[in-house]
Amino acid sequence: MVDIAHQAAINPASARAAAATRALVPLTSIDPGQWRALAQRVIEPNGYYLPGWELAVSEAARGRADASALPAFDGASARLIGLMPVVSLWRAWKIPLPALVSAHPYGTLCSPLIDRDAPIEAAARLLQQAREAGAHALVLNDVALDGAAMSSLKDVLNRDGLKPRILSSYIRASLDATQDGETLLHGALGAKKLKELRRQRHRLEEHGPVAFAVARKPDEIGPALETFLQLEASGWKGKRGTALIQHAGDATFIRRAVPALAETAQCEVITLRAGTTPVAAGIVLRHQDRAFFFKLGIDERFARYSPGVQLTLDLTRHLCADPAITSADSTASADHPMINPIWRGRFAIGDVLIPLRRHDPVVGLIHAALVGLNTAHEAARRVVRLLRK
């Protein structure tokens, strides 16, 4: 069911609430077949909004459960042509104003699914659904600012005399996987750095032959995932209490999502071993011609050999050798010290406020509240950084 308390934050009037319920539906009510078909036709890939992933997040993940959806259907055939998982602004940040926010899919990309065969119609219907749900604005978190999905939304907004507002942005690393892997790594790191990494790899071989493995099949993916979860929990994430396996809901989500996507060849777990000992592992999602590097875990006992970098080098070669993949999103933070020097492609990611009506004073209130929230969060981050020094 749609959370009535959250729905009230969007539109408290009972008559309009009935219409809002039709526009804003539980994510679980979206037909999985239609969702999968849309995912095959989208104008911009987003592995984190694939049904096998996002449904598992919404079912179990800590603080991310029970998302709603704005669906867009083709008027003639009732075909799903757009989908935007959302929560209320109250649910997201306890701000009691009428707006909807991207449902966070654990991965840092919330670009909505928009049909490449009808991008303008899909974008227009998504915005109209938000209006009918009673929202005065949409807040899209972690969207590709120059991506095709955002471009379609901008075209509709321009037509309606509306303009999106960028709340925050940063530049993120990506991989051009159309290049030869060795050539790309040599250009990114240079001969001297690669020589040092080869020396570290030879030292790692003293613990056993170093091997890179990719688990894709259902019978392989479960054991490989458990190896990743143990490695992630053994490091600094475990010490901070943020490893997936440390929270029942998060552990349930990832154990559902990874096998579900593996069944459709949209997820793989990569592992680097020295002999029989796993020293690094990661999860990679695949959607259309794009890969998404979700998370990385390492055995910090081998830190002197740079196991995370070694795994990423092998992943780079693996993706560049795959003709089905043309690019990879690091889904990493800005200026990430490990992946930025290796993956030299860049694109802009940001949070965007989309007004839904012209000259709407409520949008100004929403904008001011979000700016204040961002200021408070940045101040808190500065305090945390100081405490960790």
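All figures in this text were calculated on a predicted structure; none of them were measured in a lab.
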Of all heavy-atom pairs between Ala23 and Ala133, which one has the smallest distance, and what is that distance?
CB-N, 3.7 Å
Given the rule that I, L, V, M, F, W and Y join up when any side-chain heavy atoms are under 4.5 Å apart, are Val214 and Leu272 in one cluster?
yes
Met84 versus Leu140: any side-chain heavy-atom pair under 4.5 Å?
yes
Just wondering, do Asp142 and Thr331 contact through their side chains at under 4.5 Å, heavy atoms?
no
Have Asp155 and Ser152 got a donor and an acceptor in their side chains that come within less than 3.5 Å?
no
Taking the side chain from Glu205 and the backbone from Gln200, do they hold a donor-acceptor pair closer than 3.5 Å?
no
For a side-chain contact (heavy atoms from CB on, under 4.5 Å) check, start with the C-alpha distance between Leu194 and His186, then their side-chain angles and the critical distance, and finish with the verdict.
CA-CA 7 Å; Leu194 284 174; His186 191 275; 4.1 Å; yes
Side-chain donor-acceptor contact under 3.5 Å, His207 with Tyr305:
yes
Ignoring hydrogens and geometry, is there a side-chain-to-backbone donor-acceptor pair from Glu59 to Ala65 under 3.5 Å?
no
Is there a donor-acceptor pair under 3.5 Å between the side chain of Gln40 and the backbone N or O of Ala37?
no
Do the side chains of Phe302 and Pro278 get nearer than 4.5 Å, heavy atoms only?
no
Under the side-chain contact (heavy atoms from CB on, under 4.5 Å) rule, what do Trp53 and Val57 come out as? Steps first, then yes or no, please.
CA-CA 6 Å; Trp53 185 271; Val57 171; 3.8 Å; yes
Hey, mind stepping through Leu356 and Leu162 against side-chain contact (heavy atoms from CB on, under 4.5 Å) and telling me if it holds?
CA-CA 8 Å; Leu356 296 174; Leu162 297 166; 5.6 Å; no
Arg301, CZ atom: more than 12 neighbouring heavy atoms under 6.0 Å:
no
Closest non-hydrogen atom pair, Leu126 against Ile114:
CD1-CG1, 4.2 Å
Leu197 with Ile339, same ILVMFWY side-chain cluster at under 4.5 Å:
yes
Out of Pro112, Pro119, Pro164, which residue meets the side-chain contact (heavy atoms from CB on, under 4.5 Å) rule with Leu153?
Pro112
With no hydrogens and no angle check, is any side-chain donor or acceptor of Glu232 less than 3.5 Å from a backbone partner on Gly238?
no
Answer whether the closest heavy-atom distance between the side chains of Val352 and Val139 falls below 4.5 Å.
no
Which value, rounded to the nearest 0.5 Å, describes the distance between Ile270 atom CD1 and Thr312 atom OG1?
7.0 Å
Residue pair Leu83 / Leu70, side-chain heavy-atom distance below 4.5 Å:
no
Whether the side chain of Asp289 engages the backbone of Thr326 through a donor-acceptor N/O pair (distance < 3.5 Å, no angle test) should be reported.
no
Run the salt-bridge test on Glu196 and Arg199 with the 4.0 Å N-O cut-off and return the result as yes or no.
yes
Would you say the side chains of Arg201 and Gln310 form a donor-acceptor pair under 3.5 Å?
yes
Counting N and O atoms only, with roles assigned by atom type, does the side chain of Asn46 sit under 3.5 Å from a partner on the main chain of Leu109, one being a donor and the other an acceptor?
yes
For side-chain contact (heavy atoms from CB on, under 4.5 Å), just list the numbers for Leu370 and Ile95, CA-CA rounded to whole Å, side-chain angles, deciding distance to a tenth of an Å, and then say yes or no.
CA-CA 9 Å; Leu370 292 171; Ile95 297 175; 4.2 Å; yes
Strictly below 4.0 Å, N to O, side chains only: are Asp176 and Arg346 in salt-bridge contact?
no
Would you kindly say whether Arg125 and Gln128 are connected by a side-chain donor-acceptor distance under 3.5 Å?
no
Considering only heavy atoms from C-beta outward, does the side chain of Phe292 approach that of Pro45 to under 4.5 Å?
yes
dist Ser174:OG -> Phe293:CZ (nearest 0.5 Å) comes out at 14.0 Å
Straight-line distance of Arg256 CZ to Leu55 CG, nearest 0.5 Å
10.5 Å
If you look at every heavy atom in Leu189 and Pro341, which pair is closest and at what distance?
CD2-O, 3.6 Å
Value for CZ (Phe253) from CD (Glu54), rounded to nearest 0.5 Å, stands at 9.0 Å
So does Ala67 get a backbone contact from the side chain of Ser58, meaning a donor-acceptor N/O pair under 3.5 Å?
yes
Cationic N near anionic O, under 4.0 Å, Arg116 to Glu44
no
Does the structure place the NZ or CZ of Arg79 under 6.0 Å from the centre of the six-membered ring of Phe73, at an angle of no more than 45° from the ring's axis?
no
Hydrophobic cluster membership, Leu145 vs Tyr170, 4.5 Å side-chain cutoff
no
Check whether more than 12 heavy atoms from other residues, nucleotides or ligands sit under 6.0 Å from atom NZ of Lys94, and answer yes or no.
yes
Do the side-chain N and O atoms of Glu268 and His318 include a donor-acceptor pair separated by under 3.5 angstrom?
yes
Before you tell me yes or no, could you show the steps for Arg273 and Asp299 under salt bridge (charged side-chain N to carboxylate O under 4.0 Å, His left out), namely the whole-Å CA-CA distance, both residues' side-chain angles and the distance that decides it to 0.1 Å?
CA-CA 10 Å; Arg273 284 184 169 83; Asp299 186 332; over 6 Å; no
Path from Tyr48 to Val284 over hydrophobic side-chain contacts below 4.5 Å
no
Under 3.5 Å donor-acceptor, His247 side chain and Arg62 backbone:
no
Work out which heavy atom in Leu89 is nearest to a heavy atom in Leu97; give both atom names and the distance.
CB-O, 3.7 Å
Is there a side-chain contact between Tyr106 and Arg64 (heavy atoms, below 4.5 Å)?
yes
Can you see which heavy atom on Ala328 is nearest to which on Leu319, and at what distance?
CB-CD1, 3.8 Å
Could you tell me the separation between the CG atom of Leu100 and the CH2 atom of Trp90, rounded to the nearest 0.5 Å?
15.5 Å
Quick check on the hydrophobic clustering: are Phe228 and Ile254 connected, directly or via other members, by side-chain heavy-atom contacts under 4.5 Å?
yes
Quick one: do Asp160 and Arg131 satisfy salt bridge (charged side-chain N to carboxylate O under 4.0 Å, His left out)? Show the steps, please.
CA-CA 13 Å; Asp160 295 343; Arg131 293 185 189 100; 3.8 Å; yes
Under 4.0 Å between a side-chain nitrogen and a carboxylate oxygen: does that hold for Lys217 and Asp219?
no
Pro355 side chain reached by Asp360 side chain, heavy atoms, under 4.5 Å:
no
Can you tell me if Thr108 and Arg172 form a side-chain donor-acceptor pair at under 3.5 Å?
yes
For the NZ atom on Lys295, are there more than 12 heavy atoms of other groups (residues, nucleotides or ligands in this structure) within a distance under 6.0 Å?
yes
Nearest heavy atoms of Thr316 and Leu185, plus distance in Å:
CG2-CD2, 3.9 Å
Test your reading of the model: is there a side-chain donor-acceptor pair from Ser68 to the backbone of Pro26, 3.5 Å cut-off?
no
Looking at Asp74 and Arg41, is there a salt bridge between them, counting it only when a charged N and a carboxylate O are closer than 4.0 Å?
no
Quick one: CD on Glu182 to CG on Leu313, what's the gap to the nearest 0.5 Å?
9.0 Å
Please check if the side chain of Ser88 supplies one atom and the backbone of Arg91 the other of a donor-acceptor pair under 3.5 Å.
yes
